[in-house]
Participant: 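Shown below is the structure under consideration.
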Amino acid sequence: MKFSIRWALVVMLICNLSLAQEENAPLFGKGLFNLVGKDNSWSMKIGLRMQFLASTSWLELENDEAFLLEPQSNFLIRRSRLKFDGFAFTPKLEYKIELGLSNRDMSGTSPFTGNTPRFLMDAVVKWNFYENFVLWAGQTKLPGNVERVVSSGNLQLVDRSLLNALFNIDRDIGFQLRHHIELSDTFVMREIFAFSQGEGRNVTTGNIGGHQYTGRIELLPFGLFAKKGDYFESDLEREEHPKLMFAASYDYNDNAVRNRSNMGVYMITDDGFHETPIQTLFVDAMFKYRGFSLMAEYASRDADEPIALNSDGTPTGIVVQVGNSVNLQSGYLFKNNWEVAGRYTHVNLDENITGKGPQNQYTLGLSKYFVGHKLKVQTDVNYLDLDDNTGTVLWRLQLDLHF
């Protein structure tokens, strides 16, 4: 009898767990759990994603004739993230929290971040306080170039371009005011203004120089993209009508103390920090139509005093990375969800200041989307052509998995 009762309890437990799974477990790619309070006063979606990256690079030297040095290979958990988002008290008050769990995500400890791993990627609340106005507060991405604002899990190629690596303004702590307006039945305009600390993410030492001010305007003359397609790469929704976003961002970091605005190394001198206003301009566009996609970006950075000097006027060896860059990327998604994509990036830093010559990078990629960006395999080949008669060949293979 006791044995029968135990088995009955086990069966009841399994049935209860099955019912709970049916009620709470979402479809693949829609989060691990989607929780809603009994009184509908809060919600939370819990998600997990990872990227496994394998890469091999060759250094090319050109003397009398070109040759390649021995390849260098690397296996890496490029990204591993745990995400939480939903609303609190009212659907007009949303939040997002994202943690970086891989070593690559957490690297970069310094006295300015409390000498601790930088687990926290995003921690932001979004309050729709009046009509089309939304106020953001916390740490998150600044409204810079579109390639940076697109999630690293929603890219068309294995990783972002050289333009983004050298010019993006990434994340910071502060406030953002966002608004959108419909100028006609199809024409939409979005405006964003951000006021932030200017030191980058996870900084615990407070503001050293001045603050950072960022403005962005986005024009969508043909209406909104399907499922916010202007903020993920590839035309996975196969837009039935042409869709275009044209945008520009301007960032002013007053008395910045890092050599790439709120990123890069701190410009430390013998008597403190070198401070200089840094201005960054982005102009970009996103176009999609029936599987074809095109993204174009221009970036430019300037500084009032780009060379960091000691108190006696001697250079410290640290300079602001001033210059400009152009990035063009395009791809076509076939109906079997294979995609071919290509990218050309030109970087032109001010050689008189940085000592670096022009760079050109050419990328050819192939992707297979099993469940959109939630489950995909991507590979690409890159050739970086440097100005000193050297170059680098890089091959990459990456698996993306998102719950």
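What you see is a predicted model, and the numbers here were worked out from it, not measured in a lab. Throughout, residue positions are numbered sequentially from 1 according to the sequence presented.
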Participant: Testing the basics here: between Pro242 and Phe287, what is the closest heavy-atom pair and its distance to 0.1 Å?
Facilitator: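 Answer, listing the atom of Pro242 first, then Phe287: CB-CE1, 3.8 Å.
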Participant: Output the distance between atom CD (Gln156) and atom CG (Leu236), rounded to the nearest 0.5 Å.
Facilitator: 9.0 Å
Participant: With under 30° as parallel and over 60° as perpendicular, where do the rings of Tyr252 and Tyr250 fit, or are they tilted in between?
Facilitator: parallel
Participant: Between Tyr266 and Phe112, does the ring centroid distance fall short of 6.0 Å?
Facilitator: yes
Participant: Supply the atom-to-atom distance Lys288 NZ to Phe222 CZ, rounded to the nearest 0.5 angstrom.
Facilitator: 15.5 Å
Participant: So, do Phe195 and Phe193 have ring centers that fall under 6.0 Å from each other?
Facilitator: no
Participant: For Asp105, is there an ion pair with Arg81 - N to carboxylate O distance below 4.0 angstrom?
Facilitator: yes
Participant: Kindly say whether Glu233 contributes a backbone atom to a donor-acceptor pair with the side chain of His373 at under 3.5 angstrom?
Facilitator: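 Yes.
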Participant: Any Lys/Arg nitrogen of Arg301 or Asp350 sitting under 4.0 Å from an Asp/Glu carboxylate oxygen of the other?
Facilitator: no
Participant: Nearest 0.5 Å please: distance from the CG atom of Asp270 over to the OG1 atom of Thr316.
Facilitator: 9.5 Å
Participant: Would you call Asp284 and Arg216 a salt bridge, taking side-chain N to carboxylate O under 4.0 Å as the test?
Facilitator: yes
Participant: Looking at every non-hydrogen atom in both residues, tell me the closest pair between Ile169 and Gly144 and how far apart they are.
Facilitator: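 So the two residues come closest at CD1-CA, 4.0 Å.
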Participant: So how far is it from Leu375 CG to Phe28 CZ, rounded to the nearest 0.5 Å?
Facilitator: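 Nearest 0.5 Å value for the CG-CZ distance: 4.5 Å.
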Participant: Search all heavy atoms of Glu147 against all heavy atoms of Asn164 and return the closest pair with its distance.
Facilitator: OE1-CB, 3.5 Å
Participant: Considering non-hydrogen atoms only, spot the tightest contact between Pro26 and Asn34 and give its length.
Facilitator: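 In this case the closest contact between Pro26 and Asn34 is CB-ND2, 3.4 Å.
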Participant: Is the Phe129 ring parallel, tilted or perpendicular to the Phe133 ring (thresholds 30°, 60°)?
Facilitator: tilted
Participant: Are Glu98 and Lys96 close enough for a salt bridge, meaning some N to O gap below 4.0 Å?
Facilitator: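 A salt bridge links Glu98 with Lys96.
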Participant: Can you tell me if Arg190 uses its side chain to pair, donor with acceptor, with the backbone of His179 under 3.5 Å?
Facilitator: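 Pair absent, no side-chain N/O of Arg190 close to backbone of His179.
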Participant: Less than 4.0 angstrom from a charged side-chain N to a carboxylate O is my criterion; do Arg78 and Asp159 meet it?
Facilitator: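 Salt bridge present between Arg78 and Asp159.
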Participant: Assess Lys228 against Phe225: is NZ or CZ under 6.0 Å from the centre of the six-membered ring, and within 45 degrees of the ring's axis?
Facilitator: no
Participant: Working to the nearest 0.5 Å, report the span between CZ of Arg104 and CE of Met106.
Facilitator: 13.0 Å
Participant: Return the orientation label for the Tyr383 and Tyr362 ring planes: parallel under 30°, perpendicular over 60°, tilted otherwise.
Facilitator: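 Aromatic pair Tyr383/Tyr362 classed parallel.
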